[in-house]
Asks: 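Okay, handing you the structure first.
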Amino acid sequence: MTARLHLVRHGQTDWNIEGRFQGQADPPLNAVGRAQAEALAGGLAGGPYQALFTSDLARAHQTAAALAARVGLVARPGPRLREVHHGAWDGLLLAEIQARYPADWLARERAPETARPPGGETVGEVAARVAAALDDIARQHCGEDVLVVSHGLALATVLCRVHGHALGRAYDLIPPHTAPVTVVWTPG
């Protein structure tokens with residue numbers, strides 16, 4: 001019971017350029033991000049896709065909307081495909097986080113898979129949430145090709161599982177904006 005999942009990180013936002021932690025904050029795509037989404041959609045048009053799932057955050061949903069228009073599918077949004085919730089860190093620059101939350105930042109550097117930003121979630125929790133969503137998608141679309149639009153760290157946790165890496169490596173595996181990565185996903 002497997003599905004071929006074509007994982008796509010959303011297009012660029014102004015916060016990406018500024019280096020702000022987006023998490024579950026909801027900035028939209030910027031002009032570059034919209035162009036990236038349209039270019040991706042043009043490249044994927046005519047592909048063998050049977051379904052399109054997306055995070056319900058604006059930047060992912062806008063990217064998925066561009067895809068939906070070109071591949072002839074309806075984007076199905078859901079909160080389980082959201083980015084990590086950074087809690088108090090959402091919207092801050094790295095220097096601001098390090099200055100305001102030095103102990104929490106040090107914990108993340110030492111154990112990125114289990115560190116929890118104030119009011120946020122751990123990488124392990126993100127991995128479990130996203131894996132549960134992909135398990136459901138694979139069960140519904142066994143043997144099919146499915147587009148999944150999500151976020152950098154959320155998708156990196158998938159790559160850790162598929163390639164047998166520890167979740168502590170997730171921050172090293174964040175895919176580029178709108179560069180699809182295809183994986184075979186088996187529930188469980």
Asks: Could you state the interatomic distance from CG (L7) to CG (L134), rounded to the nearest 0.5 Å?
Replies: 7.0 Å
Asks: Compare all side-chain heavy atoms of Q22 with those of H151 and state whether any distance is below 4.5 angstrom.
Replies: no
Asks: If two hydrophobic side chains count as joined below 4.5 Å and joins carry through other members, does L67 share a cluster with Y49?
Replies: yes
Asks: Taking all atoms of both residues into account, what is the closest heavy-atom pair of L92 and R100, and its distance?
Replies: CD2-NH1, 3.3 Å
Asks: Return yes if some donor-acceptor pair links the side-chain N/O of T63 with the main-chain N/O of A37 below 3.5 Å, else return no.
Replies: no
Asks: Is there a side-chain contact between E125 and H85 in this structure, where contact means two heavy atoms from C-beta onward sitting under 4.5 Å apart?
Replies: no
Asks: Kindly indicate, with the supporting measurements, whether the criterion side-chain contact (heavy atoms from CB on, under 4.5 Å) is fulfilled by E144 and R4.
Replies: CA-CA 6 Å; E144 296 180 346; R4 284 175 45 91; over 6 Å; no
Asks: Any chance you could measure R59, atom CZ, to N30, atom CG, to the nearest 0.5 Å?
Replies: 12.0 Å
Asks: Can you name the closest pair of heavy atoms from P175 and V181 and give their distance?
Replies: CB-CG2, 4.4 Å
Asks: If you measure from CD on Q12 to CG on L29, what distance do you get to the nearest 0.5 Å?
Replies: 9.0 Å
Asks: Got Y101 and R108 here, is their nearest side-chain heavy-atom distance under 4.5 Å?
Replies: no
Asks: Does a side-chain heavy-atom distance below 4.5 Å link E113 with T122?
Replies: no
Asks: Would you name the heavy atoms of P79 and R129 that are closest together and state the gap between them?
Replies: O-NH1, 3.7 Å
Asks: Examine H141 together with F53 and report whether their ring centres are nearer than 6.0 Å.
Replies: yes
Asks: Scan residues 63-90 for pairs that pass salt bridge (charged side-chain N to carboxylate O under 4.0 Å, His left out), counting only residues two or more places apart or in two chains.
Replies: D56-R82, R80-D136
Asks: For L57, does its backbone N or O pair with a side-chain atom of D26 as donor and acceptor, under 3.5 Å?
Replies: no
Asks: Does H177 use its side chain to pair, donor to acceptor, with the backbone of H10 at less than 3.5 Å?
Replies: yes
Asks: Measuring from I174:CD1 to L155:CG, what's the distance to the nearest 0.5 Å?
Replies: 9.5 Å
Asks: To the nearest 0.5 Å, what is the distance between NE2 (H86) and CD1 (I97)?
Replies: 7.0 Å
Asks: Within the structure provided, determine whether Q62 and R34 are in side-chain contact (heavy-atom separation under 4.5 Å).
Replies: no
Asks: Write down the atom of T157, the atom of V126, and the distance for their closest heavy-atom approach.
Replies: CG2-CG1, 4.4 Å
Asks: Is the shortest heavy-atom distance from the side chain of P180 to the side chain of L40 under 4.5 Å?
Replies: yes
Asks: Below 4.5 Å, heavy atoms only, C-beta onward: do L81 and T54 meet side chain to side chain?
Replies: no
Asks: Would you give me the side-chain donor-acceptor pairs under 3.5 Å for residues 160-172, sequence neighbours excluded?
Replies:
unit_1, atom_1, unit_2, atom_2, d
R161, NH2, T186, O, 2.7
H165, ND1, R169, NH1, 3.0

Asks: Looking at every non-hydrogen atom in both residues, tell me the closest pair between P48 and D145 and how far apart they are.
Replies: O-CB, 3.4 Å
Asks: May I ask whether V8 and V158 are part of the same hydrophobic cluster, defined by side-chain heavy atoms of I, L, V, M, F, W, Y residues being less than 4.5 angstrom apart, directly or through others?
Replies: no
Asks: Examine V149 and V84 and state if one hydrophobic cluster contains both, with Ile, Leu, Val, Met, Phe, Trp and Tyr joined whenever side-chain heavy atoms are less than 4.5 Å apart.
Replies: no
Asks: Hydrophobic cluster membership, with links at side-chain heavy-atom distances under 4.5 Å among I/L/V/M/F/W/Y: are V130 and L159 in one?
Replies: yes
Asks: Taking all non-hydrogen atoms of both residues, which atom of P118 and which atom of D104 are closest, and how far apart?
Replies: CG-OD2, 3.3 Å
Asks: Following the transitive rule for hydrophobic clusters with a side-chain heavy-atom cut-off under 4.5 Å over Ile, Leu, Val, Met, Phe, Trp and Tyr, establish whether I137 and L52 coincide in one cluster.
Replies: no
Asks: In Å and rounded to the nearest 0.5 Å, what is the CD to CD distance from E38 to Q36?
Replies: 11.5 Å
